[in-house]
Amino acid sequence: MSVSVTPPSATSPLVSARIGLMAALPEEMAAVLDAMPDEARVTLAGRDFWVGHLHGREVVAVLSGIGKVAAATTTALLASHFGVGQVVFVGVAGGLADGVRVGDVVLADALLQHDMDASPLFPRFELPGKGLSRLRVDVAAVARARAALEAALTPAALASTQPHGLQAADLAALGLDWPRVHQGLIVSGDRFVCTDRECAALRAAVPDALAVEMEGAAVAQVCHDFGVPCLVVRTVSDRADDAAHVDFPRFLRAVASPYASAMLAHLLPVV
């Protein structure tokens with residue numbers, strides 16, 4: 001069904017109540033839509049936005065597309081056209097830091113564009129005109145999200161996730177353990193980091209980065225500009241080096257998708 005949506009006014013309670021849900025890959029967005037009982041499609045700027053409810057919250061779910069520009073455009077539309085009061089991004093990422101394993105989850109408390117370099121006019125990584133390089137997430141919001149993720153990623157919670165729960169056999173077949181939650185810096189750039197050399201260079205340049213992906217810092221920058229809080233949560237699909245995951249499609253279907261469903265089921269009631 002296709003409908004028109006009027007964005008909430010500045011005084012409407014929907015400004016703070018409506019949540020934008022973003023994912024970069026269709027498999028994760030499919031899991032979200034499967035759980036929405038009343039989604040209605042709004043097509044805008046070549047994107048399908050699904051307006052409805054999920055876990056008792058009014059949401060607008062959308063596939064962002066890959067890369068910073070696509071993610072920034074999508075976020076701007078969520079803020080300006082749909083009047084969301086919060087953005088939650090779930091997706092996959094490459095692990096960088098020691099101990100961040102494939103199958104673990106990283107919650108960003110700060111985000112940085114690792115390919116931003118306007119030197120010598122500005123220091124490397126600094127966003128021109130903003131005087132900062134790291135976009136930090138509200139401390140209290142991160143604490144609530146961390147507690148929700150810890151509850152979501154237990155064996156019992158993952159096994160009961162609807163419509164398709166996580167199966168221990170899939171973890172075993174992929175050589176994965178039960179997930180751990182990490183909190184810290186996520187870096188983003190318009191480059192798929194997948195070699196030992198690139199991974200080592202990135203770790204040297206940003207030693208405290210936990211994971212690397214292609215959208216989160218752009219989402220955070222747009223949210224910063226609009227004054228909209230955001231959360232970025234990433235499931236580690238590979239180690240961002242030469243040892244890429246051997247069965248990525250199965251990982252998406254059997255692991256990342258139920259993770260996304262379970263995490264949103266626990267996140268939405270507390271954001």
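Atom set for the values below is all heavy atoms of this structure, side chains included, hydrogens, waters and symmetry mates excluded.
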Trainee: Is I19 close to V60 at the side-chain level, that is, under 4.5 Å between some pair of heavy atoms?
Mentor: no
Trainee: Could you tell me whether the side chain of F89 reaches within less than 4.5 Å of the side chain of L231, counting heavy atoms only?
Mentor: no
Trainee: Just by modelled atom types, is the H53 backbone N or O under 3.5 Å from a matching donor or acceptor in the D38 side chain?
Mentor: yes
Trainee: Without swapping roles, check the side chain of T74 against the backbone of S64 for a donor-acceptor pair under 3.5 Å.
Mentor: yes
Trainee: Under the 3.5 angstrom rule, does the side chain of R180 hit a backbone N or O of G99 as a donor-acceptor pair?
Mentor: yes
Trainee: For residues L268 and L21, determine if any side-chain heavy atom of one lies less than 4.5 Å from a side-chain heavy atom of the other.
Mentor: yes
Trainee: I'd like to check H182 versus L107 (side-chain heavy atoms, cut-off strictly below 4.5 Å). Are they in contact?
Mentor: no
Trainee: Work out which heavy atom in V59 is nearest to a heavy atom in M36; give both atom names and the distance.
Mentor: CG2-CE, 3.7 Å
Trainee: Please check this pair: side chain of E215 against backbone of G67, looking for a donor-acceptor N/O pair closer than 3.5 Å.
Mentor: yes
Trainee: Could K130 and E126 be called an ion pair, given the rule that one side-chain N must be under 4.0 Å from one carboxylate O?
Mentor: no
Trainee: Between R47 and A70 (side chain of the first, backbone of the second, donor and acceptor by atom type, cut-off under 3.5 Å), is there such a pair?
Mentor: yes
Trainee: Could you tell me whether the side chain of L127 reaches within less than 4.5 Å of the side chain of Q113, counting heavy atoms only?
Mentor: yes
Trainee: Under 4.5 Å between side-chain heavy atoms, hopping through other hydrophobics if needed: is there a path connecting V187 to F192?
Mentor: no
Trainee: Compare every heavy atom of S188 with every heavy atom of A217, then report the nearest pair and how far apart it is.
Mentor: N-OG, 2.8 Å
Trainee: Report the C-alpha separation of V84 and Q86 in whole Å, then their side-chain angles, then the decisive distance to 0.1 Å, and conclude whether the side chain to side chain contact (heavy atoms under 4.5 Å, CB included) test is met.
Mentor: CA-CA 6 Å; V84 301; Q86 172 114 315; over 6 Å; no
Trainee: Verify the cluster assignment for M214 and V236: are they in a single hydrophobic cluster under the rule of side-chain heavy atoms below 4.5 Å apart?
Mentor: no
Trainee: So, E28 and S257: side-chain donor and acceptor under 3.5 Å apart, yes or no?
Mentor: no
Trainee: Tell me whether E213 contacts the main-chain N or O of G216 through its side chain, where contact means a donor paired with an acceptor under 3.5 Å.
Mentor: yes
Trainee: Step through the shown structure and confirm whether more than 12 heavy atoms of other residues, nucleotides or ligands are within 6.0 Å of CZ on R191.
Mentor: no
Trainee: Quick one: do D177 and R101 make a salt bridge, cutoff under 4.0 Å?
Mentor: yes
Trainee: For L112 and H114: C-alpha separation, side-chain torsions, deciding distance, then whether side chain to side chain contact (heavy atoms under 4.5 Å, CB included) applies.
Mentor: CA-CA 6 Å; L112 172 146; H114 68 77; 4.2 Å; yes
Trainee: Do you know the tightest heavy-atom contact between A110 and R136?
Mentor: CB-NH1, 3.8 Å
Trainee: Given T75 and L77, is the side chain to side chain contact (heavy atoms under 4.5 Å, CB included) satisfied, shown in steps?
Mentor: CA-CA 5 Å; T75 308; L77 289 170; over 6 Å; no
Trainee: For a quick test of reading the model, state the closest non-hydrogen atom pair linking L171 to V255 and the distance between them.
Mentor: CD2-CG2, 4.1 Å
Trainee: In the structure I gave you, are the side-chain heavy atoms of V87 and P229 within less than 4.5 Å of one another anywhere?
Mentor: no
Trainee: Indicate yes or no: at least one non-hydrogen side-chain atom of L78 is less than 4.5 angstrom from one of F49.
Mentor: yes
Trainee: Any non-hydrogen side-chain atom of M22 less than 4.5 Å from a side-chain atom of V219?
Mentor: yes
Trainee: Would you say the side-chain atoms of T195 pair up with the backbone N or O of E198, donor to acceptor, closer than 3.5 Å?
Mentor: yes
Trainee: Determine the minimum heavy-atom distance between F125 and S133, stating which atoms define it.
Mentor: O-CB, 3.2 Å
Trainee: Can you tell me if R203 uses its side chain to pair, donor with acceptor, with the backbone of L96 under 3.5 Å?
Mentor: yes
Trainee: Going hydrophobic residue to hydrophobic residue with side-chain gaps under 4.5 angstrom, can you get from V69 over to L44?
Mentor: no
Trainee: Salt bridge between K68 and D115, side-chain N to carboxylate O under 4.0 Å?
Mentor: yes
Trainee: Do you know the tightest heavy-atom contact between A108 and I186?
Mentor: CB-CD1, 3.7 Å
Trainee: Got a donor-acceptor contact below 3.5 angstrom from the R41 side chain to the D48 backbone?
Mentor: no
Trainee: Kindly say whether V92 contributes a backbone atom to a donor-acceptor pair with the side chain of R234 at under 3.5 angstrom?
Mentor: yes
